[in-house]
Amino acid sequence: MASLSEPVDGGAKEKPQNGRTGGSLVSQTANALRQTILSGQYKPGDKLPSEAGLTELYKVSRTVVREAVAALRADRLVEARHGAGIFVLELPTQQPQPFQDVDHDRISSIIELLELRAAVETEAAELAAVRRSPAQEEAIIRCLSSVQACIDAGVPTAEADFKLHLAIADATNNPRFREFLEVMGQNVIPRAALRASQSEKTAAPYLQQLQNEHNAIVHAISDGDSTVAREAMRQHLKGSQQRYRAMLRQGDR
């Protein structure tokens with residue numbers, strides 16, 4: 001195995017090598033150890049080499065080895081057993097990411113998201129109206145045009161719609177709004193779940209109605225009218241809830 005650094009006396013600070021610092025050596029060593037575990041080289045219940053063995057294996061100091069092992073312990077990949085050594089634990093179960101388990105066949109699941117969006121995005125629209133820069137305003141208008149182009153071409157609009165909402169979030173100049181939408185992903189756009197069997201006759205008026213609402217939001221932001229922008233976004237999201245319920249009741253999903 002290629003060395004990460006020349007070994008130094010235990011407890012001493014690593015000397016930089018090729019521009020690397022002691023801190024980066026800890027990360028490199030921890031990542032190398034982590035990879036051996038995740039790849040199955042060391043399995044749950046296996047004992048890792050001793051501290052001296054790891055020092056020799058990775059060509060780093062005992063200090064680096066101790067800190068690297070501590071990082072793996074914090075990740076619950078290994079545990080220290082008194083007088084016995086360091087042992088590999090069962091890999092933690094992968095937890096589902098937030099908002100990625102949305103069931104589009106359940107009205108309640110969609111409505112939950114729309115209600116949450118209303119709490120966040122009405123504020124985003126209001127802030128965007130007073131904080132947007134000329135470049136951000138231009139980006140919002142460009143995204144609005146992209147949605148219309150998709151409608152006119154008869155192609156799916158969900159991705160373009162999502163980018164429009166991201167552009168409005170960016171115009172708040174608070175990065176947390178974009179982060180929130182990105183965590184939710186395109187699940188924030190209910191019609192992303194509409195079945196391909198939905199008729200063009202049913203879909204076209206629905207999409208154009210949404211676009212009319214987008215226009216109201218964007219024009220208010222462009223005019224710097226925060227009150228109207230907030231209300232336009234609220235009406236847009238509340239209308240989505242009502243239309244979604246109506247479409248499901250009519251069997252037109």
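Note: hydrogens, waters and symmetry copies are ignored here, and every other heavy atom, side chains too, is used.
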Closest non-hydrogen atom pair between [X] and [Y], with its separation:
X      : Y      : result
Ala30  : Ala71  : CB-CB, 4.2 Å
Val147 : Thr157 : O-CG2, 4.1 Å
Val78  : Val69  : CG2-O, 4.1 Å
Ala229 : Ile221 : CB-CG1, 4.0 Å
Val60  : Thr55  : O-CG2, 2.8 Å
Ser226 : Val130 : CB-CG1, 3.8 Å

*Would you please name every residue forming a side-chain hydrogen bond (donor to acceptor under 3.5 Å, both in side chains) with Asn215, sequence neighbours left out?*
none

*Mind checking what makes side-chain hydrogen bond (donor to acceptor under 3.5 Å, both in side chains) contact with Arg178, not counting sequence neighbours?*
Asp170, Glu182

From [X] [atom1] over to [Y] [atom2], what is the distance, rounded to the nearest 0.5 angstrom?
X      : Y      : atom1 : atom2 : answer
Ser61  : Glu67  : OG    : CD    : 8.0 Å
Glu231 : Ile217 : CD    : CD1   : 10.5 Å
Ile151 : Tyr206 : CD1   : OH    : 11.0 Å
Leu77  : Leu33  : CG    : CG    : 10.0 Å
Leu207 : Asp152 : CG    : CG    : 11.0 Å
Asp161 : Leu166 : CG    : CG    : 10.0 Å

_Intermediate values then yes/no, side chain to side chain donor-acceptor pair (under 3.5 Å), Asn31 and Gln35_ = CA-CA 6 Å; Asn31 287 337; Gln35 188 56 42; over 6 Å; no

Check side-chain contact (heavy atoms from CB on, under 4.5 Å) between [X] and all other residues, then give those that pass, not counting sequence neighbours.
X      : answer
Glu115 : Ile111, Gln241
Pro49  : Tyr42, Leu54
Arg76  : Leu89
Thr227 : Asp225

*Please lay out, stage by stage, how Phe177 and Val120 fare under the test side-chain contact (heavy atoms from CB on, under 4.5 Å).*
CA-CA 8 Å; Phe177 283 95; Val120 175; 3.7 Å; yes

Please answer: with hydrophobic residues joined when any side-chain heavy atoms are less than 4.5 Å apart, are [X] and [Y] in the same cluster?
X      : Y      : value
Leu91  : Ile86  : yes
Val228 : Ile168 : no
Phe87  : Leu72  : no

*Partners passing salt bridge (Lys or Arg N to Asp or Glu O under 4.0 Å) against Glu79 (at least two apart in sequence or in another chain)*: Arg81

*Who pairs with Asp223 by salt bridge (Lys or Arg N to Asp or Glu O under 4.0 Å), at least two apart in sequence or on another chain?*
none

*Derivation and outcome, side-chain contact (heavy atoms from CB on, under 4.5 Å), residues Leu48 and Thr36*: CA-CA 10 Å; Leu48 293 183; Thr36 62; 5.5 Å; no

_Residue pairs fulfilling salt bridge (charged side-chain N to carboxylate O under 4.0 Å, His left out) with at least one residue in residues 31-47, sequence neighbours excluded_ = Arg34-Asp75

*Evaluate the side-chain contact (heavy atoms from CB on, under 4.5 Å) criterion for residues Leu181 and Glu121: first the C-alpha distance (whole Å), next the side-chain angles of each, then the deciding distance (0.1 Å), finally the verdict.*
CA-CA 9 Å; Leu181 290 180; Glu121 291 196 72; 3.9 Å; yes

*Could you walk me through whether Glu123 and Met233 pass the side-chain contact (heavy atoms from CB on, under 4.5 Å) check?*
CA-CA 9 Å; Glu123 183 72 12; Met233 181 66 81; over 6 Å; no

*asked:* Between His219 and His214, is the ring centroid distance below 6.0 Å?
replied: no

*Which pairs count as side-chain hydrogen bond (donor to acceptor under 3.5 Å, both in side chains) when at least one residue sits in residues 125-142, sequence neighbours excluded?*
Glu126-Arg230, Ser133-Gln136, Gln136-Asn173, Glu137-Ser222

*Under a 4.5 Å cut-off applied to non-hydrogen side-chain atoms, are His236 and His165 in contact?*
yes

*For the residue pair Glu213 and Gln235, establish whether any side-chain heavy-atom pair is separated by less than 4.5 Å.*
no

